[in-house]
Amino acid sequence: MTKRSSVSGLSINNNSQNQKHRKEKLKDRTSPPSTKISSGKIWRTYSLNISGPRQRQQELYMLQYAIVGIVAVLIYMNSLFGNLVHDDLYAIVRNDDVVSLQTTVPSLFFNDFWGRPLTDERSHKSYRPLTVLTFRMNCLCHGLNPLGFHIVNVALHATVCLLFMHFSRLFLFSDEDLSFRAALLFAVHPVHTEAVAGVVGRADILACIFFLLSLLIYKRCIPDNAKQKSNSSWCYSSVAGSIILAICSMLCKEHGITVLAVIVAYDLYVSAHPYLYKRIFNTSRFSGAVNFKAVFWRLLLVTAAAIAIIAVRVLLQGGSLPTFLEEDNPASFSDSFQIRFLTFAFLISFNCWLLFCPLTLSYDWQVGSIPLVESVWDWRNLSTILVFLTLFCICIKLCVSQDKHQKAITMGILLLVIPFLPASNIFLKVGFVVAERILYIPSMGFCILVVVGASKLFQILPSKRFYPVLQIPAFFLILMFACRTVIRNMDWQSRETLFRSGLKTLPNNAKMHYNWANLQRDVNNSNAAIQHYRETLRLYPKHASAHNNLATLLPDDKTEEIEYHLKEALKIDKYHVNAHVNMAMLHNKRGDLEAAVRHLDIASTLDPGNSDAVVNLASLLTRLRQFDEAEVYHHRALEMQPTNTDVLNNYGVFLMKKGHDLEAYSYFEKVLTFEPNHVTAMGNLAFLENKQGKQAEAESLYLRAVSVTRSPVTLTSLGGFYFTTGQWIKAKDVYQELLTMSSSEVEAKLQYGQVLVKLDKDEEAEEVLESAVSSHPRHVELRRVLASVKTSLNKHEEAKMHLEESLKISRDMALSDDTKAKLHFEYANKLKDLKEYKDALKEYQNSVSLNPSFSIAHLNMGALYHLLGQYKEAKEKYNAALFLDPGNTILKENLRKLERLMMKAQDKN
């Protein structure tokens with residue numbers, strides 16, 4: 001015992017001596033080396049010994065930050081000169097909240113991302129006012145120049161990369177190099193091109209910035225370990241700041257609110273895991289008590305705030321969810337729970353694959369891109385099982401073990417999963433199948449997990465000599481991702497490059513063909529546009545807009561096919577405004593103005609801001625002489641587009657038809673003030689000049705219009721002027737030129753034939769009119785005039801045939817009774833000339849039954865009865881004609897002759 005005590009005592013003394021020796025040695029290191037050294041030298045010696053390594057470490061940190069920031073900018077340099085494409089056109093170029101100074105800033109907070117009121121049933125319900133505000137600021141600074149928008153996007157992306165690196169360094173990794181690698185991988189990941197190169201993707205970048213700031217602020221509430229206690233004096237202010245930043249993230253894009261779920265899950269795990277691990281495994285590895293009361297209250301605050309924010313968000317959008325079409329998300333429209341479940345589960349694994357291998361990227365993944373998973377035996381279910389099994393194993397590992405990267409792995413899983421949940425169709429239906437920009441925030445979790453996985457691989461190596469070897473594939477991964485990003489940026493340069501890339505990547509996607517067809521239509525390549533619209537409908541027959549757009553490009557003579565496609569569009573989507581407008585135009589061409597008005601009325605009700613519907617409705621109501629209603633829509637059109645020359649011209653026509661020629665004159669002059677070469681306004685102004693007897697001024701205006709554009713329209717107007725003013729020679733020259741320019745102009749041929757008749761060139765007129773009838777056999781007026789020419793040439797049987805055809809055609813047409821009465825009258829005259837008196841009397845009777853006030857028909861019928869010796873019937877018809885036309889001298893003379901004949905007949909009896 002004594003020996004053991006002696007040894008123990010010796011050990012204690014030795015330890016004491018060693019501790020004393022170490023303290024003295026440390027004191028020697030930190031003390032000035034000699035009193036003979038000056039104070040400046042003393043400080044420099046101390047700085048080199050103590051601050052030197054720390055300063056070099058700080059310089060290394062700054063270098064890493066600089067590399068990440070520079071790489072993030074350089075990798076997207078070739079995106080700076082791209083145009084505004086795809087959704088940019090709707091969210092920026094055509095969004096009054098962005099481009100119109102008349103829209104106030106507070107109104108941004110009541111409209112959706114596309115500028116439509118949130119309470120509108122057609123609203124997309126995308127509420128991102130802070131993002132829209134940045135677009136507006138861009139627009140105020142440099143207009144719609146795309147360069148400014150792209151510069152801001154790239155700068156914001158670089159900011160996210162630096163914030164992510166700072167967040168990882170403070171929050172997750174003890175090894176600063178891991179933070180650098182994760183940030184570098186994030187900076188070059190190709191899946192971000194849609195968010196950065198596409199200007200609309202700014203919503204995801206801004207949401208990510210506030211997302212990270214919210215996490216960084218909240219970190220001050222979470223102890224780094226179980227022994228450390230959070231300072232409750234400023235903890236609640238950090239919670240409040242974190243909630244405010246979460247709201248800002250949500251106001252940039254909806255899924256930004258998920259940062260609060262990440263906070264709750266991470267805080268709960270970090271706070272409870274050590275205690276639970278200690279209790280379950282009965283280990284004393286962890287010491288210190290967890291302040292569960294503080295944890296409970298801060299998590300309660302965060303949860304309550306999240307619920308309140310979501311409730312306010314739902315109230316802002318009117319308590320309703322957005323409505324989507326089947327083409328947006330086909331699986332969500334399936335009646336089978338199995339198909340929905342398997343497809344949505346596979347889409348999760350598909351998004352994971354995009355993060356691991358971003359070779360196949362597309363701006364759109366809608367209809368036809370990813371077929372539905374309809375069977376449990378579909379091989380794609382294996383990838384789903386693999387992904388979920390991997391996540392499950394990682395979660396179990398986190399629960400039952402301890403690791404120096406445990407916080408990083410936990411945060412990686414939370415960032416990968418939780419921000420993606422709103423897009424997973426689990427909680428609500430979304431309007432897309434896959435959207436790469438949605439992966440902007442989850443990709444941070446992916447980068448964290450990849451870096452941790454690589455570091456663990458290094459740890460199992462038998463020797464550090466293999467470290468440089470394993471750095472090579474890591475370098476090539478960064479390099480390949482960077483090259484893929486640079487190449488992918490080029491796809492976002494223009495509509496053509498973007499749509500071409502989509503068509504090449506996903507040729508079975510109907511949306512790709514539809515967008516490409518739209519582009520071809522816009523560049524006037526109608527044949528290619530029709531081909532791709534047809535391909536769109538082959539791949540997806542329920543595409544309403546493809547039906548509508550195809551109908552607008554088909555030739556006018558394919559009226560049945562045009563009507564079919566428009567009806568299909570309205571059957572699929574009864575709220576399709578453009579389909580209603582185009583259907584109205586089709587009815588207008590057919591002469592069914594009332595049906596056209598019905599469709600335009602629906603279109604203007606569905607979209608009060610649709611100028612096409614309002615303008616066309618005003619014009620049609622004017623033609624129907626419903627002036628009171630027409631004036632309402634004309635005023636609406638003028639309010640919507642006060643400087644639109646077509647709108648001003650239409651209102652001038654409206655005033656002219658109301659008889660307000662002076663006011664109409666002023667509007668036509670206003671049109672020519674805004675647009676001096678507006679040929680339609682010139683024609684209308686010339687018409688008014690001619691009406692007032694100013695033929696020289698009218699001719700000058702018509703000739704001016706022809707000099708601006710020598711087209712069938714302007715030549716027809718000029719020819720019509722010469723025709724109505726009896727200038728037959730000039731009219732003949734104009735119509736000859738017009739027919740060489742456009743031989744299918746039926747009205748020109750009709751008037752040309754009439755001009756030739758006036759010039760006593762009946763045979764030439766016959767030839768012109770016969771060619772017109774052969775190409776337009778159902779043109780009633782053509783046949784009627786041709787019959788007149790045939791009569792002049794004594795070809796009475798041919799004239800009779802054309803008049804018979806005119807009557808047959810007129811039965812199927814919506815012609816006025818007066819027009820039909822005149823046809824019957826002319827046919828009766830022809831029958832009379834051919835001495836087919838009974839048939840002639842029937843046709844005269846048909847004429848007066850359609851138009852009882854047709855005095856000349858009564859007169860001719862009386863004359864025919866007179867000729868046939870049916871004096872009583874003749875006198876009755878003469879009297880009827882005399883009542884309608886009491887000043888007709890021929891009628892009076894015939895009546896006197898009839899009375900004399902009747903008196904002679906009575907004398908004989």
Side-chain angles (χ1 to χ4, degrees), residues 182 185-186 188-196 201 204 255 329-331 339-395 409 412-426 430 432-454 473-474 476-485 487-488 491 501-502 504-509 511-512:
L185 181 61
F186 180 86
V188 302
H189 203 299
V191 84
H192 298 157
T193 51
E194 182 177 3
V196 183
D204 296 87
H255 65 274
N329 190 351
I339 292 176
R340 293 198 304 272
F341 175 80
L342 293 177
T343 303
F344 291 148
F346 169 71
L347 290 178
I348 293 174
S349 64
F350 185 83
N351 279 278
C352 290
W353 177 250
L354 286 180
L355 291 172
F356 273 102
C357 184
L359 288 178
T360 303
L361 298 175
S362 174
Y363 70 91
D364 193 286
W365 292 87
Q366 291 185 5
V367 287
S369 304
I370 303 175
L372 302 181
V373 182
E374 299 179 348
S375 170
V376 293
W377 305 112
D378 192 314
W379 66 268
R380 291 176 293 175
N381 292 323
L382 294 177
S383 64
T384 304
I385 294 171
L386 178 63
V387 167
F388 280 92
L389 187 60
T390 301
L391 290 175
F392 177 76
C393 291
I394 293 174
C395 292
I409 297 172
I413 292 293
L414 293 177
L415 289 176
L416 182 65
V417 173
I418 293 179
F420 181 76
L421 288 178
S424 66
N425 287 278
I426 294 175
V430 297
F432 53 85
V433 179
V434 172
E436 292 161 19
R437 58 182 177 270
I438 292 295
L439 297 176
Y440 192 82
I441 295 177
S443 65
M444 292 191 296
F446 166 79
C447 294
I448 292 169
L449 294 175
V450 167
V451 168
V452 171
F476 273 105
L477 176 65
I478 298 290
L479 183 61
M480 285 189 296
F481 273 21
C483 292
R484 181 70 181 102
T485 298
I487 294 171
R488 178 62 177 156
D491 293 337
S501 71
K504 181 179 179 180
T505 304
L506 300 172
N508 292 324
N509 184 334
K511 189 73 173 287
M512 301 301 175

[atom1]-[atom2] distance between [X] and [Y], expressed to the nearest 0.5 angstrom:
{"X": "Thr343", "Y": "Asp378", "atom1": "OG1", "atom2": "CG", "value": "8.5 Å"}
{"X": "Leu185", "Y": "Ile448", "atom1": "CG", "atom2": "CD1", "value": "10.5 Å"}
{"X": "Ile413", "Y": "Thr390", "atom1": "CD1", "atom2": "OG1", "value": "9.5 Å"}
{"X": "Leu416", "Y": "Asn351", "atom1": "CG", "atom2": "CG", "value": "9.5 Å"}
{"X": "Leu347", "Y": "Phe420", "atom1": "CG", "atom2": "CZ", "value": "7.5 Å"}
{"X": "Ile426", "Y": "Phe344", "atom1": "CD1", "atom2": "CZ", "value": "9.5 Å"}

Nearest atoms (heavy-atom pairs only) where [X] meets [Y]:
{"X": "Val430", "Y": "Asn425", "answer": "N-OD1, 3.4 Å"}
{"X": "Arg488", "Y": "Ser501", "answer": "NH1-OG, 3.8 Å"}
{"X": "Phe350", "Y": "Val434", "answer": "CD2-CG2, 3.9 Å"}
{"X": "Asp204", "Y": "Tyr440", "answer": "O-CD2, 3.9 Å"}
{"X": "Leu372", "Y": "Arg380", "answer": "O-NH2, 3.1 Å"}
{"X": "Leu361", "Y": "Leu354", "answer": "CD2-CD2, 4.3 Å"}

Quiz item: Counting N and O atoms only, with roles assigned by atom type, does the side chain of His192 sit under 3.5 Å from a partner on the main chain of Arg437, one being a donor and the other an acceptor?
Solution: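 No.
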Exercise. Decide side-chain contact (heavy atoms from CB on, under 4.5 Å) for Trp365 and Thr360; before the verdict, give the C-alpha distance in whole Å, the side-chain angles of both, and the deciding distance to 0.1 Å.
Key: CA-CA 11 Å; Trp365 292 87; Thr360 303; 3.9 Å; yes
Within the 4.5 Å heavy-atom criterion, are [X] and [Y] side-chain neighbours or not?
{"X": "Trp353", "Y": "Val387", "answer": "no"}
{"X": "Phe432", "Y": "Ile438", "answer": "yes"}
{"X": "Leu382", "Y": "Phe346", "answer": "no"}
{"X": "Leu386", "Y": "Ser349", "answer": "no"}
{"X": "Ser362", "Y": "Met512", "answer": "yes"}
{"X": "Leu342", "Y": "Val376", "answer": "yes"}

Practice problem: For Ile339 and Val373, run side-chain contact (heavy atoms from CB on, under 4.5 Å): C-alpha distance rounded to whole Å, both residues' side-chain angles, the deciding distance at 0.1 Å, then the answer. | Solution: CA-CA 6 Å; Ile339 292 176; Val373 182; over 6 Å; no
Practice problem: Could you walk me through whether Ile348 and Thr384 pass side-chain contact (heavy atoms from CB on, under 4.5 Å), step by step? | Solution: CA-CA 7 Å; Ile348 293 174; Thr384 304; over 6 Å; no
Exercise. Establish, yes or no, whether a centroid distance under 6.0 Å links the rings of Phe446 and Phe356.
Key: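 That pair passes the under 6.0 Å test.
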Quiz item: Does the side chain to side chain donor-acceptor pair (under 3.5 Å) test come out yes or no for Thr485 and His189, once each step is laid out?
Solution: CA-CA 7 Å; Thr485 298; His189 203 299; over 6 Å; no
Self-check item: Partner of Pro190 by side-chain contact (heavy atoms from CB on, under 4.5 Å), out of Glu436, Met480, Arg484
Solution: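 Considering Glu436, Met480, Arg484, a side-chain contact (heavy atoms from CB on, under 4.5 Å) with Pro190 is found only for Arg484.
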